[in-house]
Amino acid sequence: MTVYRLGYVAMSLNLQNASPSQTMTLKSFKNINDWEAAVRKLERIAKSNIQNCLRLLKHNKAHEVDFFRLSSRLVPLATHEDLAKWDYIAALKESLIELGRFSEANGMRVDFHPDHFVVLNSPDKEIFQVSLDVLKYHYLLLRYMGLSPDHRCVIHLGGRYADKEQSLERFIDHWSVVPKGIQKMLIIENDDTSYTLGNCLYVCEKLNIPQVFDIHHHLANHDGESWEDHWPRVVNSWSHSPLPVKMHISSPKSEKEFKAHADYVDVDLLLDFVKKTNGSARQIDCMIEAKKKDNALFKLTNELKKHPNIEMITQSSFKWKD
DNA sequence: GCTCGTCAAGGACCT
DNA sequence: AGGTCCTTGACGAGC
């Protein structure tokens, strides 16, 4: 019997003024002539983002949601080369530890998914280095939150660069120069344009990396393969992880805009996944990637509650009963 | 208190 | 080779 746990991404539609992604562009930073004053403003924004994250976790606790993706934009400009001498960790230490403690004390799984500009298979050395810098930033946030960074950060394999096979092998080549701590932090997700679940599993098995299965991406990009055939390999890729198997689920916005995310997740898509994977693992964590964020999660759980074969365990976790 | 253009990034894709 | 789109939420200018 598998326990399924639902989570959502980065922000809530139910909390007012609780954005964890307030920002400052490089342009507006440079418009402030006093460097110290500009940095102080950045630090105010970053602290507010982290404090808003804590509010989000408290909101989640109230609704028994204990799976959550943190915004990657907590610290604006943290990885920008022009701010390399800015010691953002020193300014944010206390806020970070408070956030980490709350998530640990409440048994929450929190993780990151930096956007697609992290490309470890880039043939351009500078882009590869910037990607490492961005990953190091995520690593530091986790460390200073007091959390083990292992398997907390989802990335994609990267670009095709006109030769997909060679570019996939370049990921494997580059992996050897990725610092060990960052290697252990990473998990790989199939994408909707280039690397299919089969491609990703090949890399994951070679490098001993857990595979994050994205069912929406798979439907958009699958080379005629069925995910069901690959599923045992996905589960097996998590065998060395202390964390449960993780997957992403979203519904297409429309037939025409198939790759875009819909407001909500179709409950039948989730039910089909549950029926096909029930019993395959002790627990599977399902990340709801929908425009309506936590409201999409709440809508799903309301629909699940009414299903005769679903037994709710908490407000956001459940199991299938025959 | 709205709407719309802007910001920031790398790559895919089209001309 | 160059231009446009993709994605994201926030922000700021202008009404």
Exercise. Applying side chain to side chain donor-acceptor pair (under 3.5 Å), run through A:D229 and A:W227 and close with a yes or a no.
Key: CA-CA 5 Å; A:D229 291 341; A:W227 69 265; over 6 Å; no
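- Atom-to-atom, NE2 of A:H113 to C1' of C:dT8 comes out at 12 Å; the value is rounded to the nearest Å.
- Sorted by first and then second residue, the pairs that involve residues 238-249 of chain A and meet salt bridge (charged side-chain N to carboxylate O under 4.0 Å, His left out), not counting sequence neighbours, are A:D111-A:K246.
- Within the 4.0 angstrom heavy-atom criterion, only backbone atoms of the sugar-phosphate kind lie near A:R160; the bases stay farther away.
- Rounded to an integer number of Å, the gap from CG of A:N17 to C1' of C:dG9 is 14 Å.
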Practice problem: Quick one: do A:K61 and A:N106 satisfy side chain to side chain donor-acceptor pair (under 3.5 Å)? Show the steps, please. | Solution: CA-CA 8 Å; A:K61 185 184 179 183; A:N106 291 285; 3.1 Å; yes
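- At least one donor-acceptor pair under 3.5 Å links the side chain of A:H80 to the backbone N or O of A:D82.
- With respect to the salt-bridge test (charged N to carboxylate O, under 4.0 angstrom), the residues A:R5 and A:D66 qualify.
- Counting non-hydrogen atoms under 4.0 angstrom, A:S19 reaches the backbone sugars and phosphates but no base.
- In this structure, the nucleotide among C:dG9, B:dA9, B:dG10 sitting nearest to the side chain of A:V119 is B:dG10.
- Using a 4.0 Å heavy-atom distance criterion, A:S122 is classed as a sugar-phosphate-only contact.
- Formation of a donor-acceptor pair under 3.5 Å by the A:K164 side chain with backbone atoms of A:S194 is found in this model.
- Atom-to-atom, CZ of A:R170 to C1' of B:dG10 comes out at 14 Å; the value is rounded to the nearest Å.
- Between A:D115 atom CG and C:dT7 atom P there is a gap of 13 Å when expressed in whole angstrom units.
- The phosphate of C:dT7 (OP1 or OP2) has no side-chain N or O of A:K253 nearer than 4.0 angstrom.
- The NE2-P distance, from A:H217 to B:dA12, rounds to 15 Å in whole Å.
- Each of B:dG11, C:dT7, B:dA9 was ranked by its minimum atom distance to the side chain of A:Y161; first place goes to B:dG11.
- Within the 3.5 Å criterion, the main-chain N or O of A:K291 finds no donor-acceptor partner in the side chain of A:D263.
- B:dA8 atom P lies 17 Å from atom CD1 of A:I127, rounded to whole Å.
- When distances are taken from the side chain of A:Q22 to each of C:dC11, B:dA12, C:dT8, the shortest belongs to C:dC11.
- One interatomic measurement links the two molecules: CG of A:D124 to P of B:dA12, which rounds to 13 Å at whole-angstrom precision.
- For the pair A:H113 (side chain) and A:V154 (backbone), a donor-acceptor distance under 3.5 Å is present.
- Atom pair A:I45:CD1 and B:dA8:P shows a separation of 14 Å (rounding to whole Å applied).
- Residue contacts for A:M11: at a heavy-atom cut-off of 4.0 Å it reaches the sugar-phosphate backbone alone, with no base atom in range.
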Pick out the pairs of N or O atoms, protein on one side and nucleotides 4-7 of chain B on the other, that lie under 3.5 Å.
from, atom 1, to, atom 2, distance (Å)
B:dC7, OP1, A:K27, NZ, 2.5

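- Residue-level contact check: A:T23 touches the backbone only, with heavy atoms under 4.0 Å from sugar-phosphate atoms and none from bases.
- Closest to the A:H80 side chain, of the nucleotides B:dA9, B:dG10, C:dT7, is B:dA9.
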